[in-house]
Amino acid sequence: MTTSQPPLLALVDCNNFYVSCERLFRPDLTGKPVAVLSNNDGCIVARSQEVKDLGIKMGVPLYQVQPLVKQHQITLFSSNYALYADMSARVMAVLEAFAPRLEIYSIDEAFLDLTGVCRNGHPQDARQTPTAYGQQIKQTVLRATGIPVCVGMGPTKTLAKLANHAAKKWPHTHGVLDLSNPRRREKLMRLVPVKEVWGIGPRTALKLNQLGIHTVWELANQPPQAMQAQFNRVVADIVKELNGNACLALDDIAAGKQQIVCSRSFSRRQTDYPALSQAVAEFASRAAEKLRQQHSTARCITVFVRTNPFNPQEPQYQRAASQKLAHGSQDTRRLIAISHHLLAAIFKTGYGYQKCGVQLSHIGPADSPAQADWLGSADSNLPEDNPALMQTLDTINRRFPKSLSIAATGLDQGWQPKAERRSPGYTTDWQGLVKVRC
DNA sequence: TCTGGGGTCCTAGGACCC
DNA sequence: TCTGGGGTCCTAGGACCC
């Protein structure tokens, strides 16, 4: 029914997302420097504009910038994922009304398919221009959730990303930029260094620079075949996308994860087997929960441990071990039992462990009924999968979070990461509700 | 003293087969 | 001395992303 419309994709990206979430409930921090820390309060993972302006880079260890933190009275927060996940869901719910198809790309960004939604160059077309529509999206999200966003638009994902980058960087765009027009694209591409392109990391950027390719424009004008030969298909596809030829499809049906990892750094070094064994049980429990949430089973389990690689004075040790299962499992008790076997195989005394984790892979659908492991004697003393039991566990924990756990995860959990500056669960916990005094 | 966590895709190379 | 060739599958590691 629609005559072929030129493709138009938008990338909506929240500004300094974690910081914006924290500021929502701390309006006194507006205009002041704010940063959010990684797990264990180790690194800076989100920065307000004021912090970026101080030259503090993404991902730096906190202790390296402590003097600046003190000097400029930067307010720090431990990460509060419950809050960010809830705010993310609210933003995405608002965005869904603006496009027939939407891909949630990460916790703070989404691609929207706006093909046929906006005006198509003809002045008599009654619909809004892409730029006006982008402004409407931006204003609506801000009003409905309090989160500021920028909107980039173009005929491909890579161009929408580039437009978003420019919309964030250049104030005169007012946070919205449409790169449908090739002449406007050229103007921008001539100004932007190649390392800013989505998918061009530091390694590839360096190699491109050595070949004399410095700007996005220079990259866009390379023959894709030559890029395929000197790099790989990814770079060749980026060149095509920069020229308006889509290689990356909008993926609006969220697929299950192919791999589920649960791991943490410890707040202090762990030397004893029992502590590690509790941590591993906890990680296996959480991984199994995620697995059941996406209705999958896993056929391979990996456990890894390591000492602190940043401290060469300590004796170093790191190792991983995997076990494959004859049949997929999603039963917490079974996955814990196997994880413990694996941990026992790689644990060595005499080391201060800094981190460990559990990884589930070879993930498939859970629809086939659990079968007895008639193949292996190795598995025979493990608990059978009990879907009904697991479902009950999940139901109770959804209603009363973290109320039920397997005993092996322990009670003291001295390995738990540090989080000394966590804000309350403003939107997810009754105790965290904001109190208003009149 | 203090350095996150969770993902995806691609490619080269080995194992194996005919 | 001379020791095929091509296909598939799997895995580890690299690179990148947020």
Side-chain angles (χ1 to χ4, degrees), chain A residues 11 13-18 35-47 56-67 69 76-81 84-85 88 103-111 157-158 161 164-165 195-208 227-238 247-249 251 254-269 283 286-287 290-291 294 299-300 302 304 306-314 320 322 324 352 354-363 416-420:
Chain A
L11 176 69
D13 191 323
C14 302
N15 302 350
N16 317 328
F17 182 56
Y18 294 175
V36 176
L37 304 172
S38 65
N39 261 331
N40 238 349
D41 293 348
C43 297
I44 298 211
V45 295
R47 305 156 295 156
I56 293 179
K57 300 270 181 253
M58 170 71 180
V60 289
L62 175 59
Y63 75 92
Q64 286 178 7
V65 291
Q66 271 298 4
V69 169
L76 299 174
F77 289 95
S78 304
S79 34
N80 184 346
Y81 290 109
Y84 312 148
S88 172
E103 172 186 342
I104 296 175
Y105 177 69
S106 75
I107 193 163
D108 73 337
E109 30 179 338
F111 287 101
K157 281 184 162 181
T158 305
K161 266 272 188 190
N164 194 287
H165 169 80
K195 70 171 188 342
E196 305 296 347
V197 174
W198 188 38
I200 303 293
R203 299 282 177 138
T204 310
L206 184 66
K207 205 172 150 191
L208 284 167
M227 291 295 98
Q228 161 106 46
Q230 292 187 69
F231 295 89
N232 51 42
R233 216 194 75 198
V234 177
V235 179
D237 283 355
I238 287 172
C247 299
L248 306 169
D251 196 1
K257 306 278 184 229
Q258 304 172 39
Q259 166 188 309
I260 291 171
V261 180
C262 277
S263 67
R264 290 289 178 280
S265 295
F266 304 131
S267 45
R268 46 180 192 272
R269 303 286 166 271
F283 300 151
R286 292 199 209 170
K290 293 186 195 174
L291 195 59
Q294 65 170 52
R299 274 180 26 249
C300 184
T302 304
F304 68 88
R306 69 153 210 230
T307 52
N308 181 4
F310 294 104
N311 189 348
Q313 272 81 286
E314 287 176 40
S322 301
K324 288 193 178 151
Q354 186 246 357
K355 182 173 182 173
C356 75
V358 172
Q359 176 190 332
L360 305 179
S361 54
H362 293 69
I363 288 173
Q416 284 280 9
K418 194 164 87 174
E420 290 172 346

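Just so it is clear: chains get the letters A, B, ... in the order the sequence lines come, proteins before strands, and each one is counted from 1. Quick note: numbers below take in every heavy atom, side chains included, and nothing from hydrogens, waters or symmetry partners.
The side chain of A:Val45 sits closest to B:dG4 out of B:dT3, B:dG4, C:dT11. If you check B:dG6, C:dC18, B:dC2 against the side chain of A:Trp198, the one that comes closest is C:dC18. Distances from the side chain of A:Asn308 to the nucleotides B:dT3, C:dC18, C:dT11 place B:dT3 closest. Listed nucleotides B:dG4, B:dC10, B:dG6 differ in distance to A:Val261; the shortest reach to its side chain belongs to B:dG6. Of all nucleotides listed (B:dG6, C:dC18, B:dC2), B:dG6 comes nearest to the side chain of A:Ser263. In the set C:dT11, C:dC18, B:dG6, the nucleotide with an atom closest to the side chain of A:Arg264 is B:dG6. Closest approach to the A:Arg269 side chain among C:dC18, B:dG4, B:dT3 is made by B:dT3 (side chain taken as heavy atoms from C-beta onward). With B:dC10, B:dT3, C:dC18 as the choices, the nucleotide that has an atom nearest any side-chain atom of A:Phe310 turns out to be B:dT3. Side-chain atoms of A:His362 lie closest to C:dT11 of the nucleotides B:dG6, B:dT3, C:dT11. Ranking B:dC10, B:dT3, C:dC18 by closeness to the A:Asn232 side chain, first place goes to B:dC10.
For C:dC18, the OP1/OP2 oxygens have a side-chain nitrogen or oxygen of A:Lys161 closer than 4.0 Å. The side chain of A:Gln359 places no N or O atom within less than 4.0 Å of a non-bridging phosphate oxygen (OP1 or OP2) of B:dG6. OP1 or OP2 of C:dC16 lies within a sub-4.0 Å distance of a side-chain N or O belonging to A:Thr204. Look at A:Arg286 and you won't find any side-chain N or O under 4.0 angstrom from OP1 or OP2 of B:dG5.
Contact annotation for A:Ile260: backbone-only contact, meaning every heavy-atom pair under 4.0 Å involves sugar-phosphate atoms and none involves a base. Within 4.0 Å (heavy atoms only), A:Val36 reaches no atom of the nucleic acid at all. Among the protein residues, A:Asn40 comes within range of no part of the nucleic acid, since none of its heavy atoms lies under 4.0 Å from any strand. At the heavy-atom level, A:Glu109 lies under 4.0 Å from the strands shown only through sugar-phosphate atoms. Nucleic acid contact class of A:Lys207 (heavy atoms, under 4.0 Å, all strands): none. If you check every strand for non-hydrogen atoms under 4.0 Å, A:Ile200 touches sugar and phosphate atoms only. At the heavy-atom level, A:Pro202 lies under 4.0 Å from the strands shown only through sugar-phosphate atoms.
Here, B:dT3 and C:dC18 have their P atoms 25 Å apart, quoted to the whole Å.
Atom CG of A:Leu291 is separated from atom P of B:dG6 by 15 Å (rounded to the nearest Å). Distance CG (A:Leu11) to C1' (C:dC17): 13 Å, rounded to an integer number of Å. In this structure, the CG atom of A:Asp108 is 15 Å from the C1' atom of B:dG5, given to the nearest Å. Atom CG in A:Asn80 sits roughly 17 Å away from atom P in B:dG5 (whole-Å rounding). Protein atom CD1 of A:Ile107 is 16 Å distant from nucleotide atom P of B:dG5, rounded to whole Å. Atom P of nucleotide B:dG4 and atom CZ of A:Arg47 are separated by 16 Å, given to the nearest angstrom. Here B:dT8 presents its C1' atom at 14 Å from CD1 of A:Ile238, a figure rounded to the nearest Å. Nucleotide B:dC9 holds its C1' atom 11 Å from the CD atom of A:Gln259, rounded to whole Å.
A donor-acceptor contact shorter than 3.5 Å links the side chain of A:Ser267 to the backbone of A:Gln416.
Heavy-atom neighbours of A:Arg269 CZ from other residues, nucleotides or ligands within 6.0 Å: above the threshold of 12.
Contact of the A:Leu248 side chain with the A:Trp198 side chain is registered, since non-hydrogen atoms from C-beta on lie closer than 4.5 Å.
Between A:Arg264 and A:Pro417, the closest heavy-atom pair is CD-CG, 3.9 Å. Heavy atoms only, all atoms of each residue included: A:Ser38 and A:Ser79 are closest at C-OG, 3.8 Å.
B:dC18 is paired with C:dG5 under the criterion used here, namely a Watson-Crick or G-U wobble arrangement in which both key atom distances are under 3.5 Å.
DNA chain B is contacted by both A:Lys355 and A:Glu314; A:Glu314 maps to the nucleotide lying nearer its 5′ end (nearest heavy atom per residue).
Remark: A:Ile56 CD1 to A:Gln64 CD distance equals 11.0 Å, nearest 0.5 Å.
With hydrogens and angles left out, the side chain of A:Tyr63 and the base of B:dT1 share no donor-acceptor pair within 3.5 Å.
The aromatic rings of A:Phe111 and A:Tyr105 sit perpendicular to each other, their planes meeting at more than 60°, with 30° as the lower class boundary.
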